[in-house]
Amino acid sequence: MKRPLRTLGTATLLTSALFLAGCGADSGTNDGAAGGEGPVKVGISQLMDIDALNATREGFIKGMTENGYVEGEDIEYDYQNAQGDQATATQIAAGFATSDVDLVFAIATPAAQTVAQAVGNIPVVFSAVTEPVEAGIVESWDAPGVNVTGTSNLGPVEDQIGLIKELAPDAKTIGVVYSSGEVNSQVQIDLAREAAEKLGMELKEASVASTAEVQQAAQSLDVDAFYVPTDSHVVSAIDAVVEAAETQQVPLVVGDSATVEAGGVATYGLDYEQLGYQTALMAIKILEGEDPATMPVEKQTESLLVVNKSAAQRMGVTVPQELLDAADTVID
């Protein structure tokens with residue numbers, strides 16, 4: 001395996017280190033940005049413990065392993081989970097900022113925001129971030145301009161809303177529960193509203209400040225269908241929205257395949273394990289010398305149609321046969 005550079009994430013620092021080495025530094029030592037003995041150290045900041053984010057982390061580690069960074073030999077992970085608490089996420093980010101990690105991997109928008117704000121001298125890669133520019137994490141998709149880059153989980157929201165029309169052709173109103181404090185959720189709500197209007201439907205919104213408010217918010221909506229975007233706080237309490245959909249006998253369309261498995265009826269969603277793997281490939285490039293400031297933020301180019309037949313039955317929804325035939329995965 002090619003030994004990674006122990007980089008601070010900028011080409012300037014790497015050039016300076018090589019210049020100093022050429023000016024008489026002891027060739028028998030490895031310190032600073034030029035390199036070091038022992039395994040690479042990667043800090044992982046994850047917002048909370050939900051299936052999609054866990055799959056992202058697992059995919060990242062798989063990607064690192066399959067490309068020469070074997071845990072315990074070539075790489076060490078410091079995995080920390082904020083369990084949905086923003087103050088804890090901030091503490092985790094501050095800890096990594098003063099640690100000796102070579103790179104930080106941040107999973108989900110709030111975690112990436114805190115890491116990007118706290119960590120200025122260590123390269124950062126993120127994943128499961130919907131809109132990194134709106135979230136203030138990077139300057140632009142094509143040229144992040146900072147020590148941070150990564151992968152977005154922005155899915156095909158218009159296609160997801162279109163599923164509601166296929167599952168409930170007479171639907172006029174769509175209930176959406178989302179976190180008021182998550183920029184990624186507001187971005188998806190705006191896209192969902194635009195898509196719904198094109199199909200002659202109206203969005204009815206209920207925002208929450210915490211997971212504890214999801215049940216009441218869902219119950220407050222009297223609608224023809226429900227939609228839950230990739231919102232970590234709401235997804236962590238998805239059972240409450242599932243219950244509301246079952247009570248009202250209307251379909252629940254969601255933003256990712258893991259949430260379909262948890263009780264949603266359908267989605268056009270991303271493969272989060274593959275998203276994490278894709279992020280690992282970016283991390284390897286950074287560890288081996290590339291500058292995150294010039295590495296464009298990446299997205300998945302394909303989405304998967306996932307349908308949960310048993311969930312549809314519990315919600316009194318008949319899934320059209322053509323939708324079942326087209327599905328990449330059908331959950332019985």
Side-chain angles (χ1 to χ4, degrees), residues 42-67 69 75 77 79 81-82 103-113 115-116 123-135 137-138 141-142 144 148-157 159-160 182-185 187-188 191 228-236 238 254-262 264 266-287 290 292 295-306 328-329:
V42 173
I44 300 178
S45 174
Q46 183 172 322
L47 179 63
M48 61 174 54
D49 187 21
I50 60 175
D51 289 344
L53 303 188
N54 290 338
T56 304
R57 184 186 75 251
E58 292 162 3
F60 180 86
I61 293 173
K62 179 181 179 180
M64 298 300 291
T65 302
E66 291 186 355
N67 288 277
Y69 289 78
I75 193 166
Y77 298 104
Y79 166 58
N81 193 314
L103 179 138
V104 179
F105 176 41
I107 309 173
T109 299
Q113 286 173 313
V115 169
V124 175
V125 290
F126 60 76
S127 192
V129 171
T130 302
E131 225 304 347
V133 177
E134 291 291 332
I137 297 170
V138 298
W141 284 71
D142 291 333
V148 184
T149 189
T151 59
S152 167
N153 67 335
L154 180 59
V157 174
D159 291 340
Q160 292 166 358
E182 288 199 29
V183 174
N184 62 301
S185 298
V187 168
Q188 292 174 89
L191 292 171
V228 171
T230 54
D231 181 311
S232 299
H233 287 89
V234 177
V235 169
S236 69
I238 195 63
V254 295
D256 67 86
S257 56
T259 312
V260 175
E261 294 177 9
T267 192
Y268 282 103
L270 307 182
D271 182 332
Y272 275 80
E273 182 176 330
Q274 184 59 39
L275 191 69
Y277 195 105
Q278 184 175 350
T279 315
L281 299 182
M282 298 181 74
I284 290 170
K285 291 179 181 179
I286 294 169
L287 289 169
E290 289 200 30
M295 295 175 63
V297 175
E298 298 182 6
K299 294 191 295 185
Q300 282 190 7
T301 57
E302 297 181 357
S303 58
L304 304 175
L305 173 57
V306 182
D328 296 283
T329 302

Partners meeting side chain to side chain contact (heavy atoms under 4.5 Å, CB included) with T329 (sequence neighbours left out):
V306, I331
For L305, what residues pass the side chain to side chain contact (heavy atoms under 4.5 Å, CB included) criterion, not counting sequence neighbours?
L163, Y268, V307, L323, A326, A327, D328
Could you walk me through whether V228 and V235 pass the side chain to side chain contact (heavy atoms under 4.5 Å, CB included) check?
CA-CA 8 Å; V228 171; V235 169; 4.2 Å; yes
I need the [X] [atom1] to [Y] [atom2] distance, nearest 0.5 Å.
X: T65; Y: Y277; atom1: OG1; atom2: OH; result: 9.0 Å
X: N81; Y: L53; atom1: CG; atom2: CG; result: 8.5 Å
X: S45; Y: R57; atom1: OG; atom2: CZ; result: 11.5 Å
X: D51; Y: S236; atom1: CG; atom2: OG; result: 11.0 Å
X: I107; Y: M48; atom1: CD1; atom2: CE; result: 12.5 Å
X: I50; Y: S232; atom1: CD1; atom2: OG; result: 4.0 Å

What pair of heavy atoms forms the shortest contact from [X] to [Y], and how long is it?
X: Q160; Y: G255; result: NE2-O, 3.4 Å
X: A106; Y: V115; result: CB-CG2, 4.1 Å
X: T149; Y: P292; result: CB-O, 3.7 Å
X: A52; Y: T56; result: O-OG1, 2.8 Å
X: L47; Y: A111; result: N-CB, 4.1 Å

Taking side-chain hydrogen bond (donor to acceptor under 3.5 Å, both in side chains) as the definition, give me every residue that meets it alongside [X], ordered by chain and number, with sequence neighbours left out.
X: D49; answer: N54
X: Y272; answer: N153
X: E134; answer: none
X: Q188; answer: T230

Distance-only, no hydrogens or angles: does the T267 side chain make a donor-acceptor pair with backbone N or O of V254 under 3.5 Å?
yes
Exactly one of L154, D231, V157 should register a side chain to side chain contact (heavy atoms under 4.5 Å, CB included) with T130. Which one does?
L154
Partner set under salt bridge (charged side-chain N to carboxylate O under 4.0 Å, His left out) for E298, not counting sequence neighbours
none
Counting only pairs under 3.5 Å, give me each side-chain donor-acceptor contact of residues 279-287, with atom names and distances, residues two or more places apart or in other chains.
residue: T279; atom: OG1; partner: S127; partner atom: OG; Å: 3.3
residue: T279; atom: OG1; partner: T151; partner atom: OG1; Å: 2.8
residue: T279; atom: OG1; partner: L275; partner atom: O; Å: 2.8

Side chain to side chain contact (heavy atoms under 4.5 Å, CB included) between E131 and W141, worked out:
CA-CA 9 Å; E131 225 304 347; W141 284 71; 3.1 Å; yes
Judged by modelled atom types alone, do N67 and Y69 share a side-chain donor-acceptor pair under 3.5 Å?
no
Go through the structure and list residues passing ring-ring contact (aromatic ring centres under 6.0 Å, His included) with F105, not counting sequence neighbours.
F60
Determine, step by step, whether D256 and L270 satisfy the side chain to side chain contact (heavy atoms under 4.5 Å, CB included) criterion, reporting the C-alpha distance in whole Å, the side-chain angles of both residues, the deciding distance to 0.1 Å, and the verdict.
CA-CA 6 Å; D256 67 86; L270 307 182; over 6 Å; no
Is the shortest heavy-atom distance from the side chain of V129 to the side chain of N184 under 4.5 Å?
no
Which salt bridge (charged side-chain N to carboxylate O under 4.0 Å, His left out) pairs, counting each pair once, include a residue from residues 269-280, with sequence neighbours left out?
K62-E273
